[in-house]
Structure formats: structure tokens, C-alpha cells
Amino acid sequence: MKVVKAGLQTTLQGAPFNGSRHLGMPAAGAADCLSLALANFLVGKPCGEIAIEITLTDAIFEFDEPCSIAVVGAAEYVRINGHDHPQHQPLKLMAGEKLDIGPSRPGCRTYLAIAAEIHADGLLGGQSTYLAAGLGGFHGRAIKAKDIIPFSQVAPAVDLDRITPLNLRPHYSNNHVLRVTRGPEAVKAYEGVMDDLCLRPYAVGARANRMGIALEGAPLSASESSNMPSAAVFSGTIQLPPSGQPYLLGPDAQTTGGYPRIAQIIRADRHLIGQLGSGSRIQFVHTTAERAIEIYREKLSLLSSWLGQINLW
């Protein structure tokens, strides 16, 4: 498959790396694991298999042999040789045909799954791309025009009539509600910070990528936010820098941080971080750790009725 056009953050992404945190590196992996899982399932592959993650911009691919594909995400359109086609169902491409995936509007990312094994660099039991260190994926870098993405000619049988049920299709938007639990430092001096965080919406600022997202809105009290030792952080951790403007960590975030961890996006909602782009608005809603576990189990139960066994990271 030849890449005709791709943006700066078009990469190969799948499941996170295994045991990466023991080595002090991010788990990485697809920023929106639910959209990835839905795309892979449509072409008969496990939910965490490698696919192409397209961020913000459009991308064009030319296939040199017949192949079935599926597209799921925030893309404005999907076109084969100039003709519109739907997301959420397998599509058959013939040799020489061009696939044009439009820019993300609204939302931030789209996933292209291919009904064949994509050849990618392995690392720690995974093949996702970690751009900051130049590891995994396609030679550790973003995909660009004129690249050739190799994949095997042995492909699983694809049911071309398979269509994602409407009630399981993610809603892509520039307005998000993200549920959060209290962070380790949201006590004592920061006891009221959760109420303030959830009081009014925040906007995603210009600093937004796979490492983290700077949020803009009413500043929170941050009088002691530079005085704590480094502690473990994860994707979905919300930190409070001295500026008082919260910072939301993404899939490529560092493993430790020295700012107070005031909140944590619940696991059931973390895939939504992958669809946050500059200008998106977020309303945080406080929930308990016990309720967060219940929500996650309820979501897995709903998804497994279609996808089979699945985990959200």
C-alpha cells in the first residue's frame, strides 16, 4: 500500500506496550482504543491489532493489490476513487484504487484497519509507535507521502455485510463530558479542587498532542503545586501546574510527574481523550472509584455483545 498523502501524526498504533512502565517509558498505543477496536473487528482482527491512526488531517492511500478495509473515527468523509462510502462497515478495494480519508471534523482521530497483517516493528510485545523515542510502528516515525506500508497477502475472511450497530457507534464531537475520580493530592490543601474542576467547562488549548493536553479555563488554586516529589502518573491523570491551568496526560505521557495529581479520568472514558483537539470543550463530572468500576464493567458488557472479549486502556 502506497501512501499518497499523510499528516504529521499519521502512525501505526495498536495495543499498548507490555511492561513498558518498568522501563520508565509510556505504554503508548492507540489514543482512541474503542474506535480502533471497532475498525479491527469489522475486518476480522483482534481489537488491539495494529491499524493506521490518522490525526486531524486527511490521508490518501493507493492499494497495489485487492484488500478489505474498515474506517472508524472522526473523518469527515471516506472516498474510494472519488466516490463516498460509509464508515462502520467493511469496504473492498481493488488493485490501483485510491482511498481518501477526510480530516477529522469534529473530533481528532480516525482509524484505518486492513484485513491483513500489517508489517510493523515489534517492541515489548507490541507494535505501536512511540514517536518521542523513535520506536515501534513504521521505523519509529510518522508515515509520510511515498512510504510503502507492507502487509501480508494472507487475510482473514471478511463479512462484507457486517455493520456496527448504531448504539455502539461513538459520537464524535467538540463537546465532551469526562468523568473523573479524585486524585491522590486532591486532599488537605487541595480538598476543594475537585469541586472547582467540575464547576465549569474547560477548553483544549493549542498545546495538545499524544503526550498531553493543556486546558484553558478558570485557574485553580495552585499555591503548593511545585513543591511535591515526583510520583507515578498515567494516561488520564490531570495535573495542576503552578499556573493553575490543569494539564491532562495522554497515551504517550511520562511515567512520573512532580505536579499534584488532582483527578483521574475513569477507565471507561479514557478513549475519549484521543478525540480531544484544540478548541474542544470539556465538562468534568466527579464520580467515586467504586462507581467508576461499575461503569467500566457495564461498558465492557455492552461492547462484548458485539466485539467479544475487549479491554479499554
Side-chain angles (χ1 to χ4, degrees), residues 1-17 20 25-33 35-36 39-40 48-64 67 69-78 98-105 107-114 116-151 172 204-214 235 248-254 271 273-278 280 313:
M1 178 180 68
K2 179 181 179 181
V3 181
V4 178
K5 181 180 181 181
L8 295 176
Q9 290 193 53
T10 299
T11 56
L12 297 182
Q13 298 291 351
F17 301 127
S20 59
M25 64 175 281
D32 178 359
C33 58
S35 294
L36 169 76
N40 273 328
E49 284 293 300
I50 285 291
I52 298 176
E53 180 179 273
I54 304 164
T55 303
L56 294 175
T57 62
D58 59 335
I60 302 175
F61 307 90
E62 183 175 340
F63 288 75
D64 54 5
C67 189
I69 60 98
V71 177
V72 173
E76 185 178 18
Y77 57 78
V78 177
K98 285 186 179 180
L99 172 67
D100 185 353
I101 299 175
S104 298
R105 294 181 184 146
C108 189
R109 289 180 173 87
T110 298
Y111 293 84
L112 165 61
I114 300 173
E117 180 185 358
I118 298 175
H119 297 170
D121 298 339
L123 176 69
L124 296 172
Q127 294 179 302
S128 292
T129 307
Y130 177 37
L131 286 174
L135 298 172
F138 187 80
H139 309 310
R141 64 169 175 82
I143 297 167
K144 58 186 180 182
K146 297 184 180 180
D147 281 339
I148 304 296
I149 309 298
F151 55 83
Y172 302 101
V204 175
R207 291 172 54 212
N209 54 38
R210 287 179 51 90
M211 295 185 69
I213 297 170
S235 175
L248 171 59
L249 301 184
D252 286 358
Q254 72 276 14
H271 65 93
I273 298 173
Q275 295 299 339
L276 297 175
S278 297
S280 294
W313 55 81

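Scope of the values below: all heavy atoms of this structure, side chains included, with no hydrogens, waters or symmetry mates.
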Side-chain donor-acceptor pair present, Tyr111, Glu53, cut-off under 3.5 Å: yes

Arg141 and Asp121 ion-paired at < 4.0 Å: no

Short side-chain to backbone donor-acceptor contact, Arg109 and Ile54, under 3.5 Å: no

Heavy-atom check, side chain of Ile52 versus side chain of Phe61, under 4.5 Å: yes

Side-chain ion pair, Lys5 and Asp58, N-O less than 4.0 Å: yes

Distance, nearest 0.5 Å, that separates CD1 of Ile149 from CG of Asp64: 11.5 Å

Test item: Asn40 side-chain N/O and Glu49 main-chain N/O as donor-acceptor pair under 3.5 Å: yes

Donor-acceptor pair, side chain of Trp313 and main chain of Ala30, under 3.5 angstrom: yes

Non-hydrogen side-chain atoms of Cys108 and Leu56 separated by less than 4.5 Å: yes

Donor-acceptor contact below 3.5 Å, side chain Thr10 vs main chain Ile143: no

Check against side chain to side chain contact (heavy atoms under 4.5 Å, CB included), Val71 and Thr110: CA-CA 7 Å; Val71 177; Thr110 298; 3.5 Å; yes

Ser128 (side chain) donor-acceptor with Ala28 (main chain) under 3.5 angstrom: no

Check against side chain to side chain contact (heavy atoms under 4.5 Å, CB included), Arg210 and Gln9: CA-CA 9 Å; Arg210 287 179 51 90; Gln9 290 193 53; 4.0 Å; yes

Salt bridge present between Glu76 and Arg105 (N-O < 4.0 angstrom): yes

Nearest heavy atoms of Ala74 and Gly107, plus distance in Å: CB-CA, 3.8 Å

Value rounded to 0.5 Å, distance of NE2 in His139 from CG in Leu12: 9.5 Å

Shortest non-hydrogen contact between Ala206 and Ser278, atoms and distance: CA-OG, 3.7 Å

Check: Cys67 and Phe151 side chains under 4.5 Å, non-hydrogen atoms: yes

Check: Gln13 side chain, Thr129 main-chain N or O, donor-acceptor pair, under 3.5 Å: yes

Verdict with supporting geometry, Ile69 and Leu112, side chain to side chain contact (heavy atoms under 4.5 Å, CB included): CA-CA 7 Å; Ile69 60 98; Leu112 165 61; 3.8 Å; yes

Heavy-atom side-chain contact between Phe138 and Thr11 under 4.5 Å: no

Heavy-atom check, side chain of Ser35 versus side chain of Gln275, under 4.5 Å: yes

Reported NE2-to-CD distance for the pair His119 and Glu117, which is rounded to 0.5 angstrom: 5.0 Å

Min side-chain heavy-atom separation Ile273-Leu248 under 4.5 Å: yes

Any donor-acceptor N or O pair under 3.5 Å, side chains Tyr172, Ser104: no

